[in-house]
Amino acid sequence: VHVADAAAIVQPGSALDEEARSRGANLYLPDRVIHMLPQTMTQQLGLGLHETSPALSISFIVDESGELDDIRIETSLVRVTRTTYDTANQELDGKLSGLKALTDRIAARRQQAGAATLDLPEVNVRVINDEIVIQPYQRGGSRQLVTEAMLAAGEAVARYAQQHAIVIPFASQPEPDEIRQPQTMSETFAYRRMFKPSRGTVEAAPHFGLGLPCYTRTTSPLRRYPDLLAHQQLHAWLRGDALLDESQVSERLSIAESASRLIRKGERLSNQHWKLLYLQRNREWQGDAVVAELDERKMTLIIPQLALEMKQRRIAGLELDQNVRLAVDSINISDLEARFRILG
């Protein structure tokens, strides 16, 4: 698994490093992206944007049970041919079949370990030439292949760091108080509320949601600071230089995660804003919703087409997971609220 080699340029403690740390991650808004690092670095280091690309290469063998073995990490120069997910999907039974078999083994091992998949609607919101475009996230196929390869890379780096006593920011998630196997949307919605947040720490621990014994985020050093921090530590180890100690890594991680929490909140609020603006521009919109939660006076509806969750006044006779047809009643952009009326 080859990853853009950002740490080759961004040195620990440099002005570039400190600015990236204060930002924590890229901020992805529907109408723009605020980058953690200068955009020119992506153009310089992005894999496949030049004839050869510097990379941090993470290699491992996947055995028959999906376990990783013979983990190696090194800096490299790679030649990359860029492609699309649609094109790659056509090659899953062809030249990508061997790679798919490996990632399928990894996925099966994670599932057997209890990896939790919360299958709730997700959409991609973009503003293109002042038009709001909302499309469902695609799952499976080559996207899943890439996801499994990235997760395996994160596990491999975590294990490598433990083996060589390299201090890096691990990502972990405790088990919920109750483990469930949700089947319906309302069950999944309720189970999500039980999940405990993932956290960054310098001590390795299992990640419940991913079904991994240890894990670190390592595949996006151009857009997430914890990934960059892990890369910097690996670079120092490979060169034989002094590494940051636990207190230094913890301090840097704390600053970046504080910024990242604000970024995630900003992204959620911005997506909600643009979804409601989309409905305001399309006042004749009608669509289907699912009853995800029922309280004494309120109910939560999920509109899969928009991945929009809204509380409404409870209507007698509606049951969990019942499908209802909605039309827009009112939109309040400033309060990020919408009201719908049920048709029929």
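Heads up: numbering here begins at 1 and tracks the sequence.
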**Q** Hey, is CD on Gln43 packed in by over 12 heavy atoms from elsewhere, all under 6.0 Å?
**A**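 More than 12 heavy atoms, drawn from other residues, nucleotides or ligands, come within 6.0 Å of this atom.
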**Q** Considering residues, nucleotides and ligands other than Glu178, do more than 12 of their heavy atoms fall under 6.0 Å from its CD?
**A**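 Yes, enclosed.
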**Q** Return the minimal non-hydrogen interatomic distance between Leu294 and Leu318, and the atom names on each side.
**A**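 Leu294 and Leu318 have their closest heavy atoms at CD1-O, 3.6 Å.
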**Q** Are any non-hydrogen side-chain atoms of Gln312 and Arg339 less than 4.5 angstrom apart?
**A**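 Counting from C-beta outward, Gln312 and Arg339 do come under 4.5 Å.
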**Q** Hydrophobic cluster membership, with links at side-chain heavy-atom distances under 4.5 Å among I/L/V/M/F/W/Y: are Ile333 and Leu269 in one?
**A**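 Per the 4.5 Å side-chain linkage, Ile333 and Leu269 are co-clustered.
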**Q** Mind listing the side-chain donor-acceptor pairs of residues 139-161 below 3.5 Å, one per line with the distance, residues two or more places apart or on another chain?
**A**
{"from": "Arg139", "atom 1": "NH2", "to": "Leu120", "atom 2": "O", "distance (Å)": "3.1"}
{"from": "Arg139", "atom 1": "NH2", "to": "Glu122", "atom 2": "OE2", "distance (Å)": "2.8"}
{"from": "Ser142", "atom 1": "OG", "to": "Tyr85", "atom 2": "O", "distance (Å)": "3.1"}
{"from": "Ser142", "atom 1": "OG", "to": "Asn89", "atom 2": "OD1", "distance (Å)": "2.8"}
{"from": "Gln144", "atom 1": "NE2", "to": "Glu148", "atom 2": "OE2", "distance (Å)": "2.7"}
{"from": "Thr147", "atom 1": "OG1", "to": "Arg143", "atom 2": "O", "distance (Å)": "3.0"}
{"from": "Glu148", "atom 1": "OE1", "to": "Arg110", "atom 2": "NE", "distance (Å)": "3.1"}
{"from": "Glu148", "atom 1": "OE2", "to": "Arg110", "atom 2": "NH2", "distance (Å)": "2.7"}
{"from": "Glu155", "atom 1": "OE1", "to": "Arg109", "atom 2": "NH1", "distance (Å)": "3.3"}
{"from": "Glu155", "atom 1": "OE1", "to": "Arg109", "atom 2": "NH2", "distance (Å)": "2.9"}
{"from": "Glu155", "atom 1": "OE2", "to": "Arg109", "atom 2": "NH1", "distance (Å)": "3.0"}
{"from": "Arg159", "atom 1": "NH1", "to": "Leu68", "atom 2": "O", "distance (Å)": "3.0"}
{"from": "Arg159", "atom 1": "NH2", "to": "Leu68", "atom 2": "O", "distance (Å)": "3.2"}
{"from": "Tyr160", "atom 1": "OH", "to": "Trp237", "atom 2": "NE1", "distance (Å)": "3.3"}

**Q** In chain order, what residues pass the salt bridge (Lys or Arg N to Asp or Glu O under 4.0 Å) check against Asp295, with sequence neighbours excluded?
**A**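 So Asp295 forms a salt bridge (Lys or Arg N to Asp or Glu O under 4.0 Å) with Lys311.
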**Q** List the atom pairs, with distances to 0.1 Å, where a side-chain N or O of residues 248-256 and a protein N or O form a donor-acceptor pair under 3.5 Å, not counting sequence neighbours.
**A**
{"from": "Gln248", "atom 1": "OE1", "to": "Asp245", "atom 2": "N", "distance (Å)": "2.9"}
{"from": "Ser250", "atom 1": "OG", "to": "Glu246", "atom 2": "O", "distance (Å)": "2.9"}

**Q** If you count every heavy atom of other residues, nucleotides or ligands that lies below 6.0 Å from Gln111 atom CD, does the total exceed 12?
**A**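 Correct, the count exceeds 12.
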**Q** With sequence neighbours left out, write down each residue that passes salt bridge (Lys or Arg N to Asp or Glu O under 4.0 Å) with Arg268, or none if nothing qualifies.
**A**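 By the salt bridge (Lys or Arg N to Asp or Glu O under 4.0 Å) rule, Arg268 matches no residue at all.
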**Q** When clusters are formed by joining ILVMFWY residues with side-chain heavy atoms under 4.5 Å apart, either directly or through shared neighbours, do Ile315 and Met185 land in the same one?
**A**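 No, separate clusters.
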**Q** Do Leu56 and Leu234 come close enough that some side-chain heavy atom pair is under 4.5 Å?
**A**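 A side-chain contact under 4.5 Å exists here.
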**Q** Under 4.5 Å between side-chain heavy atoms, hopping through other hydrophobics if needed: is there a path connecting Tyr191 to Leu210?
**A**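 Result: no, two separate clusters.
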**Q** Please tell me if the side chains of Pro30 and Ile132 come closer than 4.5 Å, counting only heavy atoms from C-beta onward.
**A**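 When only atoms from C-beta onward are counted, Ile132 and Pro30 do not touch, as no gap falls below 4.5 Å.
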**Q** Crowded around Arg72 CZ? As in, over 12 foreign heavy atoms under 6.0 Å?
**A**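 No.
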**Q** Given 3.5 Å as the limit, does a donor-acceptor pair link the side chain of Glu19 with the main chain of Leu37, or not?
**A**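 Answer holds: no.
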**Q** Following the transitive rule for hydrophobic clusters with a side-chain heavy-atom cut-off under 4.5 Å over Ile, Leu, Val, Met, Phe, Trp and Tyr, establish whether Leu118 and Ile179 coincide in one cluster.
**A**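 As far as the 4.5 Å side-chain criterion goes, Ile179 and Leu118 are connected within one cluster.
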**Q** With sequence neighbours excluded, tell me which residues meet ring pair (Phe, Tyr, Trp, His ring centres under 6.0 Å) with His50.
**A**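 With neighbours one apart ignored, the set is empty.
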**Q** Do Val290 and Gln322 make a side-chain contact, defined as non-hydrogen atoms from C-beta onward lying under 4.5 Å apart?
**A**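 Heavy-atom side-chain distance check fails, nothing below 4.5 Å.
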**Q** Verify the neighbour count for atom CG of Asp70: are there more than 12 heavy atoms of other residues, nucleotides or ligands below 6.0 Å?
**A**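 Enclosed: over 12 neighbouring heavy atoms sit under 6.0 Å from CG of Asp70.
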**Q** Tell me if the NZ atom of Lys275 is crowded by more than 12 foreign heavy atoms within 6.0 Å.
**A**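 Count over threshold, so yes.
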**Q** Going from OG1 on Thr184 to CG on Asp119, what distance comes out if it is rounded to the nearest 0.5 angstrom?
**A**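 Going from OG1 on Thr184 over to CG on Asp119, the span is 11.0 Å.
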**Q** Tell me, please, which residues at least two apart from Tyr278 pass ring pair (Phe, Tyr, Trp, His ring centres under 6.0 Å).
**A**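 Testing Tyr278 for ring pair (Phe, Tyr, Trp, His ring centres under 6.0 Å), a comparison that skips the adjacent residues, returns none.
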**Q** Quick one: closest heavy-atom pair of Arg217 and Arg224, and the distance?
**A**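 It is CB-NH2, 3.7 Å.
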**Q** So, for Val3 and Pro221, which heavy atoms are closest and what is the spacing to 0.1 Å?
**A**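 For Val3 versus Pro221, the nearest heavy atoms are CG1-CD, 3.4 Å.
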**Q** Do the side chains of Phe189 and Phe340 join up, straight or via other hydrophobic residues, at under 4.5 Å, putting them in one cluster?
**A**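 Hydrophobic grouping puts Phe189 apart from Phe340.
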